[in-house]
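Before any comments, here is the structure.
None of these values were measured; they are calculated from a predicted model.
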Amino acid sequence: MKVPSLLIVICILMGACARTPRTVPEITPQLEERPLKHTEADSEPAGITVYKNHLVVIRKSGTILKLDPLNLEKVMTAQLTDKIRPGIISGGGKLLLRTEESPLRWIILDLETFREINRITPASESEQVAAIGHNILVTQKQNKLVATTFDSDPKSREIEIPVADFRACRIHGDRVLILSRTELIQLQPPVFVAQRSKLPHPAAGDFLLRDEYLYYGGENRLLIKWAPRSRKPEWTAPLPRILKLAPINAGKLVAVLPQDQHIHFFTPGGGHTWWSSLNGTRLYPPLRLDENIAVFLYPHHAPEIRFFNWKKHTTASHKGANPLRDPPLAVGGRLFFLVESEGEVRLHTLTNRRGVEIEIKPEFPRVSGRSLEFRISPINLIRPEFNLSVRRRKSKTPVLNTKLLRTDPTITAWLPRDSGEYVLEVEAISKDGFKAKARKQFSVHDLAEFTRVHVSAIQAACHGDYVAGGDAKP
C-alpha cells in the first residue's frame with residue numbers, strides 16, 4: 001500500500017509543478033463590422049480621428065462627420081469644397097487635412113466647430129508635419145524643425161536638429177517639446193525662446209510626459225523617469241532590449257514595449273510589476289482601452305489584436321481577417337480602424353469588455369402619449385436574451401416588463417401614458433451564462449403642459465420681453 005500512496009503523492013506534486021503562472025483569455029472579443037458607405041455618392045474615407053469622445057470621419061470628397069462611437073449616429077457634419085488625400089493629422093482640438101489637387105495645401109480646421117482656421121501652402125511635397133496643437137504647427141524638413149503659430153499675427157522659430165539625432169516632437173498645452181538624442185528643447189509662444197535641458201542618458205526614441213516627468217527609453221537599455229525642471233533622473237529601470245516607442249499611461253502604471261516582443265508594466269516608483277509576451281511582432285503603436293493595452297500584431301493582411309489587462313494580469317486576443325489601411329484609434333471604450341474589404345474601405349470596431357448599453361430615443365422632447373424607443377446594444381455577449389423593465393423612480397412595481405431576443409439592433413417601443421420620473425433597467429443574459437445589467441433614468445413631460453410652457457417662451461422671445469434663465473420684463 002505504500003507504493004501506490006507514494007505514486008499518488010508524486011503525481012500530485014507533478015501536477016502542482018505543471019501549473020506555472022500564465023495569462024489566460026478572460027473573454028474572446030467579437031468583431032463588429034460597420035460599413036462606412038451609406039449611398040453610392042459617398043466616397044471612401046481619407047482617415048479617422050477622435051475628439052472629445054467622438055469619432056470623426058473625413059471622406060476623400062471633403063465631407064467631415066462627427067459620430068457617436070456607440071451607434072455611429074451623426075452629431076455634426078461639414079462639407080469642404082476641396083477633395084482630401086488619405087492621411088490626416090490632429091491634435092490640440094485642431095485637424096490638418098491635405099488637398100488632393102495641386103498645388104498641395106494644408107487645411108487646418110477646428111474640431112469643435114469644423115470651422116476653417118487657416119490654409120497653408122507647404123514649401124514642398126517633402127515638408128512633413130511633426131505636430132499640431134491648439135495654436136501651433138510644427139513642420140520638419142531635412143535638419144530643421146519650424147514651429148509656427150496660425151493666428152492673425154503668426155510667429156515662428158526654427159530649430160536645427162540633425163535628422164539622425166531627432167527623436168520626437170509633441171505639443172503639450174501651449175509648449176512644444178522636442179526630444180533629440182541628447183537634450184530636451186522646450187518652446188513656448190509667442191516669443192519661442194528655446195529652453196534646452198541635457199538628458200541624463202541618450203534617448204533611443206519617443207517619450208511620455210506625465211505629471212511634468214519625462215519617461216523615455218535610453219540607448220543603454222534603460223527606462224528613465226526624469227524631471228526636466230530639476231534636471232535629475234527620478235529613477236532608471238533596466239530593460240531587456242532598447243525602447244523606441246513612447247511609454248503609455250496605464251492607470252497609475254506605465255507600460256512599455258521594448259524590442260524584446262514583450263509588454264512591461266512599471267509602478268511610479270520604478271517597480272517592475274508585470275510583463276507578458278506579445279506572441280508576435282507589433283504592427284502599430286499600442287493603445288490604451290479602459291484597463292487594457294491593445295496591441296496590433298503582424299501579419300498586415302490579417303492582424304491579430306491582443307489585449308493586456310494590467311489590473312487582472314490577463315490577456316485576450318482576436319484574429320482579424322482584413323488588412324488595416326491606417327493606424328487604429330481608441331474612443332468610447334472601443335477600438336476603431338479602417339480596413340480594406342471587398343473592394344472598399346470599411347470601419348471596424350472592437351472591444352474586449354462584456355456588457356450591455358442602452359439608449360432612449362428621442363433624447364428630447366419625451367412627452368406622454370408619444371412612443372419612446374429603447375435601443376439595446378450587447379457587447380461581446382453570445383446570443384443574449386434581455387429582461388427589460390420600466391418603473392417609476394420611487395416605485396418597485398414595473399409599468400413595463402418584457403423579454404426580448406437578440407436582433408441587430410435590438411429595439412423595442414413603449415408608449416408612456418403619464419408624465420413623471422422613470423427608470424429603465426435591462427438585464428442581458430449571454431448564452432454562456434454571463435449576465436450584464438444597465439440602468440438609465442429619464443423624464444416624461446405632460447404633453448399639454450410642455451406645449452404651453454414652450455409656446456409661451458417662444459411668444460415672449462418674439463416680443464423681446466423674455467430673458468433666458470430669468471423673469472419676464474414687466
Does [Y] offer a backbone N or O that forms a donor-acceptor pair with the side chain of [X] under 3.5 Å?
{"X": "Y216", "Y": "H201", "result": "yes"}
{"X": "R354", "Y": "F434", "result": "no"}
{"X": "K94", "Y": "I108", "result": "no"}
{"X": "W310", "Y": "V254", "result": "no"}
{"X": "R325", "Y": "P45", "result": "yes"}
{"X": "R241", "Y": "P258", "result": "no"}
{"X": "R175", "Y": "I171", "result": "no"}
{"X": "S277", "Y": "N279", "result": "yes"}

May I ask you to decide whether [X] forms a salt bridge with [Y], counting only side-chain N to carboxylate O separations under 4.0 Å?
{"X": "K244", "Y": "E219", "result": "no"}
{"X": "K60", "Y": "E44", "result": "yes"}
{"X": "K144", "Y": "E158", "result": "yes"}
{"X": "D206", "Y": "R167", "result": "no"}
{"X": "E73", "Y": "K361", "result": "yes"}
{"X": "E101", "Y": "R105", "result": "no"}
{"X": "R375", "Y": "E373", "result": "yes"}
{"X": "R334", "Y": "D290", "result": "no"}

Inset, instruction - Could you give me the CA-CA distance, side-chain angles and deciding distance for T315 and R306, then say whether side-chain hydrogen bond (donor to acceptor under 3.5 Å, both in side chains) is met? - result: CA-CA 7 Å; T315 66; R306 299 205 75 206; 3.3 Å; yes
Legend entry - Heavy atoms of other groups near E160 CD, more than 12 under 6.0 Å: yes
Legend entry - Crowding at NE2, H272 (>12 non-hydrogen neighbours, <6.0 Å): yes
Inset, instruction - Go through the steps for E304 and Y298 under the test side-chain hydrogen bond (donor to acceptor under 3.5 Å, both in side chains), then give the verdict. - result: CA-CA 7 Å; E304 180 182 357; Y298 279 98; over 6 Å; no
Inset, instruction - May I ask you to decide if the ring planes of W274 and F265 are parallel, tilted or perpendicular, using 30° and 60° as cut-offs? - result: parallel
Legend entry - Parallel, tilted or perpendicular, as decided by the 30° and 60° cut-offs, for the rings of Y422 and F442: parallel
Legend entry - Any Q188 side-chain heavy atom under 4.5 Å of V176 side chain: no
Legend entry - Counterpart residues, side-chain contact (heavy atoms from CB on, under 4.5 Å), relative to E183 (two or more places apart): S180, I185, R196
Legend entry - For R229, side-chain contact (heavy atoms from CB on, under 4.5 Å) partners two or more places apart: E212
Inset, instruction - Using side chain to side chain contact (heavy atoms under 4.5 Å, CB included) as the criterion, point out the one residue from L324, T349, L287, N322 that pairs with F337. - result: L324
Legend entry - side chain to side chain contact (heavy atoms under 4.5 Å, CB included) partner of R59, the single match among I84, I64, L65: L65
Inset, instruction - Carefully, step by step, assess R210 and N249 under the rule side-chain hydrogen bond (donor to acceptor under 3.5 Å, both in side chains). - result: CA-CA 8 Å; R210 186 171 85 169; N249 274 319; 2.8 Å; yes
Inset, instruction - Would you kindly check if the NZ (Lys) or CZ (Arg) of K66 is within the cone defined by 45 degrees around the ring axis of Y51 and under 6.0 Å from the six-membered ring centre? - result: no
Legend entry - Lys/Arg cation over aromatic Y215: K225, 6.0 Å, 45° cone: no
Inset, instruction - Kindly write out the residues that satisfy salt bridge (Lys or Arg N to Asp or Glu O under 4.0 Å) with K311, not counting sequence neighbours, or none if the list is empty. - result: E291
Inset, instruction - Step by step, work out the side-chain hydrogen bond (donor to acceptor under 3.5 Å, both in side chains) result for T63 and Q79. - result: CA-CA 5 Å; T63 301; Q79 180 65 53; 2.5 Å; yes
Legend entry - Polar contact flag, side-chain donor to acceptor under 3.5 angstrom, T148-S156: no
